[in-house]
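Here the structure comes first, spelled out in structure tokens, and everything after it is commentary.
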Amino acid sequence: MHPFSILTVGIFVAGYTTARWDLVTRLYELAIFAWDHDVFTRAVKGFAGVSIIFLAIVYPVSRIASREIVLHPRTGAGGISAREQLKRRGNGLMRIFWPSDAPSSPNPGVLVGWRNSDLDVLVVAILQDTRSVENAIRVGNLFRSSPYPIHRILERCGKSSLQVLGSVNPVVAPTTFNPASITCYTSPRSRFPHLFCPDTKEVMVQVILFDRPHPTRMQYISLAPISLALGDKADKSGKGFPPLDGVEAAEEREWERKQALVEKLKQHTVVRHSRAQKELLLPVIVDQINCSYELNALLQSNIGLIGTRSRRALSVGEHIVESASNLWDLILAWLWYIATEYIWPLQSRLFVFALIAHRAAGEVLLRILDWRLFPGHAALKDVSATAQQVDIRLQQFCYWPIQYLTLRKRKQTWQSITNSHPEYIRFYNSLWLVANDVIIGIALGSYIIENATFVAAQVDKILTAYTIQGLQATIIWLMDWPAGLKLNTELATFLGDLFLWVIDYWAGCMAMLRPYLPGIIHFIGFSSFAGATMPISLFSDLVSLLTLHIYSFYVAAARIYNWQLTIIISLFHLFRGKKRNVLRNRIDSCDYDLDQLLLGTILFTLLFFLLPTVFVFYACFAVARMVVIGIKAGLDTALACLNHFPLFALMLRFKDSRRLPGGIMFELRDVGNEKFPTVEQREGSAPTSFIHLKSVPLPLRAMLNEYFQLGNRISKHYVSPGVILCLITGRFVPPIHRKNLYSLQYSMLPKQRVGIYELWARVTEKDAKVGDGAYDLGLVNGGFGGNGYVGGGSGNDGYGHRRKGSGNGVGRVRVGRG
Amino acid sequence: MTYNIAMVCDFFFPQPGGVESHIYQLSTKLIDRGHKVIVITHAYEGRTGVRYLTNGLKVYHVPFFVLYRETTFPTVFSFFPIFRNIIIRESVEIVHGHASLSSFCHEAILHARTMGLRTVFTDHSLFGFADAASILTNKLLKFTLSDVDHVICVSHTCKENTVLRASLDPLMVSVIPNAVVAENFRPLAHQEHVTSPVDGRPLHHSLRPHDTITIVVISRLFYNKGTDLLIAAIPRICAAHPYVRFIIAGSGPKAIDVEQMLERNVLQDRVDMLGPVRHEEVRDVMVRGHIYLHPSLTEAFGTVIVEAASCGLYVVCTRVGGIPEVLPPHMTTFAKPEEDDLVAATSKAIAALRQGRLETGRFHEQVRTMYSWTDVAERTERVYDGISGVLSEEEFYGSSTGEGWSAARGRAGVQSFALIDRLKRYYGCGIWAGKLFCLCVVIDYLIFVFLELWAPRDRIDAVRDWPRKPPLRESSSATNAAIGLGRKRSARYRDQGWEG
Amino acid sequence: MTPYEGLPAKSPAKFPVSGSRKAQILDPSRLAPEDAFYAQSPPRGRRAPSPLGLGLGVGGNGTPKAKGRAGEARRKRTKDRGRSSSRRRKGAWKKLLWVKQSYPDNYTDEYTFLDHLQRNPRLQPYEFWRLVADSTVIVQHVCSVIIFVCCFTGIFQERVSPVTVVGWSSSGTVLGWILWDFWVGQEERAQKMVEEAEASSIEGEDGSSASSATSASVPMREKDAVGIPYANGNAAASSGGPGISPGISLAVGHPTGAPTFASYSHLPPYGDQTSSLSPRTQQRIATIKSAILIYCALLGLSPILKSLTKSTTSDSIWAISAWLMGINVAFFDYGGGGGANSDVTRYRFPASLSTNAALMASTVLASRLSSTTHVFSLTLFSIEVFGLFPVFRRHLRHVSWRANTVLSFLLVVAAGGAIGVTVSGGRWTAAIVGSVLGSMLIVLAMGICSWWLIGLQKYKNEIHGPWDPARPIIRRRWD
Amino acid sequence: MPPPPSALRITRPTPTTISFTVSTRAPLETISARVLHYLSLALRVVIASAILFLLWTKWELLYPSVEGGGVPKWLVSSWPGKIATLMAKGVMTRYLVPLAGGVLWLCARRGYTEESLLVLRGLGIQTTSSSSTYLSTNSTRFIPTTSIQDIFIHEAFKMFEVRFYLAIVVEGEQDVVVVFPSLLPSLTILEEVWRGARSCLYEPKT
């Protein structure tokens, strides 16, 4: 007590006594009188008696009652005893999922969580307040003031609501084991709880400790590894392009063969075990684990409110005081109101307009890029890398708003609902990539622009050195008996002169082009401010333009060579007295006249001796062509790296690996019994196994998966025996089709971009209906796929497939996310 | 007395063919008689590793380099480690090789002798002595067979041929013919033929002169199957007999020529070529016809004509190889391998059929009594008994002879595993060849010793046996109990061997 | 031991007796089973020792001690084999598979065992003069090659003008063609007769038809067994009936079925009957047409041919052409199988490796020559020598024997002379000397080779039996 | 090549939870074994650090850094520093670097392989195989019971012999999951594991 107040009290007392002195004297006399007629002694006796009675009767009774309360709580499921439940179910496996961050202090508490089956519980929270938690849950007090409607999270977790599972460290030890309300003991020495189930031999206990993933940090666990690519790329791209569809077909066949084997294996399974309900529950449990953090937080925040009455209404004075204190807040609130009412809608509307305009522009460009002269012909973006690059960028731009909306939906619901995390990662990955791209591009571009002349000179020098002079030198070398090969001089000179002439002409064109070269380089440099991919693709296009003559040479030589080879083969048939039957496509035996044979012989000799000459030229140009193709393939790979490198995912992997779940793993812990507090618990414990559930981070291999795919696709295309055969027989080797190469890069984009109206609707809709973002996205795409780009659709083209198949493709999206 | 037997051959399912089905049927019947049989062959397309066929027949498809027409590349020693491993883990006692063209089988027999096992070789084919290829094959065969315990041939002609090629003692060559599964080759169900009251033969034999008679030809269209004869004969037969149709099943290099023949003298409507048919469809093709024409130029046994007879077809075949021994004369007409004679024989057969002089209705039963795989299995079992000394040499080789061939050391000492004896045997194969063979054997032996050190036997764990059938003979050994494991595995990998 | 004469009675496989009769009488080729595995069984008979003694590889000739052991072992075994077989006589053993017999599987019946085995069944001992006569084929071809080479050298060394060479050879060719045309006419008449005979015989019922066909179509038989040397004019062979073909010819019944398709896969020799001209005239016209065609084509191609391998150095050219010529000589189809009227075989014949090789050689050589006319004439000459001349030769051999001999003699003389001239550098004395020398040499070589071949024949030991693939006998198509 | 000698360790706290571990390493029961193990670990650490230090000095020799950076003086002056400097001077880079790399790799790799199978009733099966080096983590694969179609033992060819293997058929996958893939233990072990797994994985029929 404060000394001042003590002083005042003292002064008050002194003054009072002096003021009423007579009264004091009266009291004094009264006291003397009572003492004379021994009132005090009797009073003391009476008090003693009463206290004795209380001690003897009332206190024990109250203790017993309280214990009984603890022992037999009034729970709904309490009706059946453990025994008969176990009898009913054969031997039981009690499975307890226990959060690793649960308090391990020995003070009592109540277990709250899900009871999936009556021997399968998942503990969400341990509430320290032992009283009336149950009613609170039933009434819903514990879910008060939850940020989002509670039912959503509950229905995600298997429709079953939270309930009281039992108690921790009860004051009074239970006598029997009752699965309806379990009793656990925790000790600070081990993170594992100890289930109390004595003398029930049929029960076996699995205590599974799980680390709660942190939803606000977007951590979660999942059975299947997270997929960084969109799941709707089911159709194999690159069908119908000669060498590669062979590859694809081979893969397809292998796949079908294995599938058949799998079917056979199914038939060979002898005993097929019916799925127990526990086993089916695993995905639900995973969801529950994902949700448990938020729920725990909610419960813990609300547990204080249990039992306290709701606050009484404030008195007027308090109102005034409050308002006085809140005046500043009021002003703030008013300003906020202004802002939200007038400024924000204006801005947002403007922004939306900008967005839609940009989207429309993008749409136009995309259509142009995707325009085909005839259905089935190559579109612009199939021909040129630049167009392809622009196309990718635009598609990304068009996809971002959708992604962003999806993510905003994520904000509008529980953090635990993890459907949109891959979306999030993809979104930021593409953002990051574009940012990176631009950064690198700026560096590159500034360099190029600074010394454009030098670069131009270099390019020009290289071009002339290799594609013109080098070629000329080679041809001249070929013209006179290269490497001692005795070629036919006349033919060699003829061919050589022909090609040399064309090269001279081409050199003339180059010379005309030369002055403009620095300009082009400048342009490339400027373009690189839009990202380093731009100059690369431009350069690749430039290469394919400047080596046009090589291409044509290659085609011509291949034609001649192939033609000669065919003739020789048919003449060879003629010698064997056979001929090729074109109708049946087989070799028939046939007899020729003498003159046919003689002429055939002479012609055969002729062509046979002329073949090496032609072959040498063909080989020369084929090699040149292959080199060019190799360069372009390298550039394309660089583009792919810049466009699709899973940068963000890698950073996440190193920052917080639990955000990239690659599955789950269990660790069997052997916790010796000596960890357990008291002796009677140890002897009364059923066989228990302690398991730690962990989340496995996504392996790097899975992240870079697309790159491996790209690698073996290219290798399969260019190292396939088919291509080599083409090279040998002089048939035309097609370069790998862009679609095969770029299918990788589109793997992060939906194959059906959202239309303008759709975007408008989705942007302008007020409160986004909360839910599964990807789900809505899928719906949107599906709805749009119907009336979309049927006009632009082309027959055997991959994109055509996509457009037509977008409806069911979206179906696949849903499945993929489900 | 039951044995653990390993059948080794290059040719096995899923490849269709005579040798394949021979091995399969023989193994199945042997298993029924309480033996344990495994088949070792090379890997086929999509068929690698260990498979189980019905009846618990275990097949090892060893991944090996296939040279030509499913014949593996003859590397003398490379097969040894795997072979030894399989033999040890299966605790095989008798190695039974098939088909003199399969290098797998030859290697297996060589290695088996090195490991001290009994070996049997079954020859399915005839070889000439003229051309270089067969000379080479004969050398190889001699190499293998100069140290084999017993040889089985499918016909007497085949036996003579083998005896000459490998210079064997005729008494260690048994003749055990092929057989057919008569159930799979039954004619169209008898009950739907209204049998005439006078004699119990079906009516469809007394053909009216204008009924079409269908002649079936089922063979691979190779030269040595006599396709040239066929090509020459068909137009003449068609010309001579207006109401005759042909059904030609099978494919091969000569198929083109057959087609050309059909196109040249327009016969497409009377001859239909079915192309390749799978073995289980053969019966359905056969029952469509009345006469089976078999113009083969060389044939060790000719299972297909037995099948045809079993389907109730009258057989017209060339008198080559072992064919004359196969069927009784009332089922067959023989022709010389000449166009004219073939045509004549076919015409005779047609005439006989038209006059109903053939009671083809009874063929099925007769063939069923003649050839059955169970019989083959019994006789093969006797061979096993003989070589493993269960039968006394007296009753096996018939005549008791002096020190030359006693049961302990066997005839010409074939059964003794001492390296020096084997070297002696191999040395007699020829001036250069003998030395070469000896070299091979020595190297093989060294490899064997090395393997014994490198992968000791006790580290190779034996497999669980398929539950053995109780042996059909009094001398039954205790069949080791089947455990659920074996049953499960086999049940899982049960696999109809017939699929292509 | 049953005498071999008994064989045709009880052997299912009919093997011709005639060819092998001589050998058979000398040694009855009966075998006891043990001969099979006692490789050192003593040779019986002088001409051909025990088949397996040689057939089973050279391990046969063992030490005399081994021989002795084998001999006595064999005697003993025959003895007790006999005993054992007499002991169990439960019905005669039959060589059948479909009867259940009371013998063990490995029972070997020594009376039927290997009784179809024949050694050298078709061995015909060559007569010396026939060999010499047949060797003329080779001589002719070699001589023509030599002549061609000499002509080339002549042209190359500018000693002979190519035009004269071509002129002579062309005139020769024309002559040859006229002759050939005449012969073809004769053959057709013969063939027509034959066909009528066949047709009549086919109408009759089968058995007789076969026989009559056999009788009627003997000449055609020979044709069908294409590629058999000595088939022509070989009295023994033709009398031997079907299935005869000398054991040396591996080409018989070749899997590619050349003889088989010879029958029906050629363009019909005569055009359609509707046209006014007679088939013969049409044929002539066709031939002339093709001749003109080849002529013009060569004329057009010769400049290219000239420069074709100019860049290649001469020595390699010589090497190449030498190899090609060697190939030509080696792979030449000496068995003039297609006799009369087999236009098929004649047309098929140049489609062989040898002709191509020769033509290629000539084209290669042509690039060494100086002018286009040289090239043209050389190529034309080579076509005549290698493409047409063999056809003519074979025909000639068919038609008249004497002419054949004369031709070969002429060729020999010419070749010798040509060599002489070439070597000596164009002195005619040298030519005469060369021709005389050459002819003497060649006659000598022919004689020696024939003797040698006959001498070699006694080492011939081929085993035949029911196991080796039968040779299909297929008549000519009669469409 | 016959299977390497491998021992099977089974831990089963309850009949519903078993982990089978096959390892080529002798179990560390005895004190001496443990001591040896830890000693070897310590030795590896020492060697690795020495190699790294050597590389560092070599770097410093090649590209001497500015004052303040580089190897601290006391370390250079100490005897290991001296030795390291000597060696760094002595050995050329093109030899030193690959050698050091090899030695580091040797230090890092663990001398044994250990593969285990964890069976949890109601949850599923988890296969674990130890990585070859200490640097990388073990690779695990968890298969829920619902997607387990079958477990079986079969034989297959491996190099020059036929070996048994225990495999799990996963529904919807085309390849079976081979348990103990790198060291395929002998049949006895496999059978024990197979029986244990089946009895543990599924509820016994009542």
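Residue numbering restarts at 1 for every chain, and letters A, B, ... go by the order of the sequence lines. Predicted, not measured: the structure shown is a model, and the values here were computed from it.
Between D/Tyr165 and D/His154, the angle of the ring planes goes over 60°, which puts this pair in the perpendicular group of the 30/60° scheme.
For D/Gln126, the part sitting under 4.5 Å from any heavy atom of chain A is the side chain, from C-beta outward, and nothing else. At a 4.5 Å heavy-atom cutoff, the contact between D/Glu171 and chain A is made by side-chain atoms alone. Contacts of A/Gln259 with chain D are made by both backbone and side-chain atoms, with heavy-atom separations under 4.5 Å. Contacts of D/Thr140 with chain A are made by side-chain atoms alone, with heavy-atom separations under 4.5 Å and no backbone atom involved. Proximity to chain A (any heavy atom under 4.5 Å) is shown, for D/Leu120, by both the backbone and the side chain. For A/Leu282, the part lying near chain D is the side chain, with the backbone staying farther off; criterion is any non-hydrogen pair under 4.5 Å. Contacts between D/Thr11 and chain A at a heavy-atom distance below 4.5 Å involve backbone atoms as well as side-chain atoms. Heavy atoms of A/Ile691 lying under 4.5 Å from chain D belong exclusively to its side chain. Of the atoms belonging to A/Leu223, it is side-chain heavy atoms, and not backbone ones, that fall under 4.5 Å from chain D.
Applying the salt bridge (Lys or Arg N to Asp or Glu O under 4.0 Å) test to D/Arg110 and every residue at least two apart in sequence or in another chain returns nothing. Taking A/Ser117 as the reference, nothing meets the side chain to side chain donor-acceptor pair (under 3.5 Å) condition, with sequence neighbours excluded.
Of the charged side-chain nitrogens involved, at least one lies within less than 4.0 Å of a carboxylate oxygen, so that D/Arg25 and D/Glu114 count as a salt-bridged pair.
Ranked by heavy-atom pairs under 4.5 Å with chain D, the first of A/Gly663, A/Pro283, A/Ser689, A/Gly662 is A/Ser689.
Between D/Leu123 and A/Phe666, some side-chain heavy-atom pair lies under the 4.5 Å cut-off.
Put simply, the side chain of D/Trp194 gets close to the backbone of D/Ile151: a donor and an acceptor are under 3.5 Å apart.
Nearest approach of A/Leu693 to A/Ile208, heavy atoms of both residues: CB-CG2, 4.0 Å.
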